[in-house]
Amino acid sequence: MNAEDFPTPDVEVESIEPEALKDRIDAGEDVTLLDARMESDYEEWRIDGENVTSINIPYFEFLEDDLDEDVLEQIPEDREVTVLCAKGGASEYVAGTLAERGYDVNHLEDGMNGWASIYEAVEVTDYDGAGTLLQYQRPSSGCLGYLVYDDGEAAIVDPLRAFTDRYLEDAEELGVELKYAIDTHIHADHISGVRNLDEEGVEGVIPEAAVDRGVTYADELTTAEDGDTFEVGDATIETVYTPGHTTGMTSYLIDDSLLATGDGLFIESVARPDLEEGDEGAPDAARMLYESLQERVLTLPDDTLIGGAHFSDAAEPAEDGTYTAPIGDLVEEMDALTMDEDDFVELILSDMPPRPANYEDIIATNLGQNAVDDDEAFTLELGPNNCAASQESLAGD
């Protein structure tokens, strides 16, 4: 049933914008959500939090004139309830149905699509390189990106296609020219924005090591090899080849202060090794990852910040609100980083979550083998990223 097919409620129903809902959750307010999507969609991806109570009752349960009392008994009467769905149509109808029965309700504007449109920029205050470093955060999927700017120039690492205009607008507002758009690897959970930004006059950069996976547009962009550097004002971005998550996985050391690790290392876990060659190739990829971590990442100074391309619900942000941490702290907190190779491989193959939704179509799109419009691209990447090797945090283990 499409959103436009739901009748308009007979009572006025207030809506809440996604950003306002997130502000309430971040502020520690107790929030009760009634998720009216199908159970399978709810189980795959939903809004969670320590102060969030989430109830799943599919919208079709509310289509009958005589609602089942068992349905109504699941909905609290002593607090405000925010109803949500995929796009906002079903939730408005469900909220209206409940309002008619005296419940204190509102509904989430644009549903989970609206939630997926939240994109926040937070300054990495512990960054001590030249210029300023921002971390972009997409809470719906845990995607992270990095904007470094100095002396009128800027570069974005791991941009998302859905926010192409946002990067350009932010650069204009900051009074800088967006010079580079850089990818760490061929992503499996979101559509890259590098090519779109390149079309807008930004120099697109992809790892040279990723080209052999079947990239169709490599000749149109700049390719980065291990040791290559990119200058942004007085800041230098150095290319550091760190295969494992994929054969082309490449990190970028931003002015010797933060290593943007893509999906190689996160603040709560390490990369999963099965998205390129599947289960059969995962053990060899895991050994490659171990070597990259031990020889290319953990050899950096202990105060070098790690900033991955994703965070999970298990990640604890730093005091500045960014998902970054010094290498030395991660080594102390994550046993996986001090294990021998065999134990490391066994650990990361033991508890991998389901692969990201639509990951094969997303990879094909990012390789340039599959063309999708903006709406299709946005829909493909909805849901959790699932790019870490573990379902729970490995930090503090």
Going by heavy atoms in the side chains, are [X] and [Y] under 4.5 Å from each other?
| X | Y | value |
| --- | --- | --- |
| Y167 | L197 | yes |
| D228 | E208 | no |
| Y127 | V148 | yes |
| M288 | D284 | no |
| F344 | L293 | yes |
| L67 | F62 | yes |
| Y93 | V13 | no |
| R213 | Q369 | no |

Just by modelled atom types, is the [Y] backbone N or O under 3.5 Å from a matching donor or acceptor in the [X] side chain?
| X | Y | result |
| --- | --- | --- |
| W45 | S140 | yes |
| D255 | S257 | no |
| S117 | N113 | yes |
| D158 | T184 | yes |
| S15 | E109 | no |
| N366 | H190 | yes |
| E376 | D373 | yes |

Subject >> Stepwise side-chain hydrogen bond (donor to acceptor under 3.5 Å, both in side chains) test for E268 and S312 >> reply: CA-CA 8 Å; E268 77 279 24; S312 70; 2.8 Å; yes
Atom [atom1] of [X] with >12 non-hydrogen neighbours under 6.0 angstrom:
| X | atom1 | value |
| --- | --- | --- |
| E39 | CD | no |
| D219 | CG | no |
| E50 | CD | no |
| E14 | CD | no |
| Q74 | CD | yes |
| E17 | CD | no |
| E316 | CD | no |
| E172 | CD | no |

Rounded to the nearest 0.5 Å, how far apart are [atom1] of [X] and [atom2] of [Y]?
| X | Y | atom1 | atom2 | value |
| --- | --- | --- | --- | --- |
| I327 | L337 | CD1 | CG | 9.5 Å |
| H185 | T261 | NE2 | OG1 | 10.0 Å |
| Y149 | L174 | OH | CG | 4.5 Å |
| E381 | S141 | CD | OG | 7.0 Å |
| F266 | R272 | CZ | CZ | 10.0 Å |
| D374 | T164 | CG | OG1 | 7.5 Å |

Subject >> Parallel, tilted or perpendicular: ring planes of F230 versus Y180, cut at 30 and 60 degrees >> reply: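 Judged by the thresholds at 30° and 60°, the geometry between F230 and Y180 is perpendicular.
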Original post:
In terms of ring plane angle, is the pair Y136 and Y119 parallel, tilted or perpendicular, where the classes change at 30° and 60°?
Top reply: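 Parallel, since the angle between the ring planes stays under 30°.
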Original post:
Taking a hydrophobic cluster as the set of Ile, Leu, Val, Met, Phe, Trp and Tyr residues connected by side-chain heavy atoms closer than 4.5 Å, whether directly or through intermediates, do I156 and I118 fall within one such cluster?
Top reply: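 Shared cluster, no.
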**OP:** Answer yes if Y217 and L160 sit in the same cluster of Ile, Leu, Val, Met, Phe, Trp and Tyr residues linked by side chain heavy atoms under 4.5 Å apart, and no otherwise.
**Re:** no
Subject >> Exercise: identify the closest heavy-atom pair between G204 and D198 >> reply: N-OD1, 2.9 Å
**OP:** Heavy atoms only: give me the nearest M249-G262 pair and the separation to one decimal.
**Re:**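 Minimum heavy-atom separation between M249 and G262: CE-CA, 3.6 Å.
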**OP:** May I ask you to check if R46 and Y42 form a cation-pi contact, with NZ or CZ under 6.0 angstrom from the six-membered ring centre and within 45° of the axis?
**Re:**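 The answer is yes, since R46 meets both limits relative to Y42.
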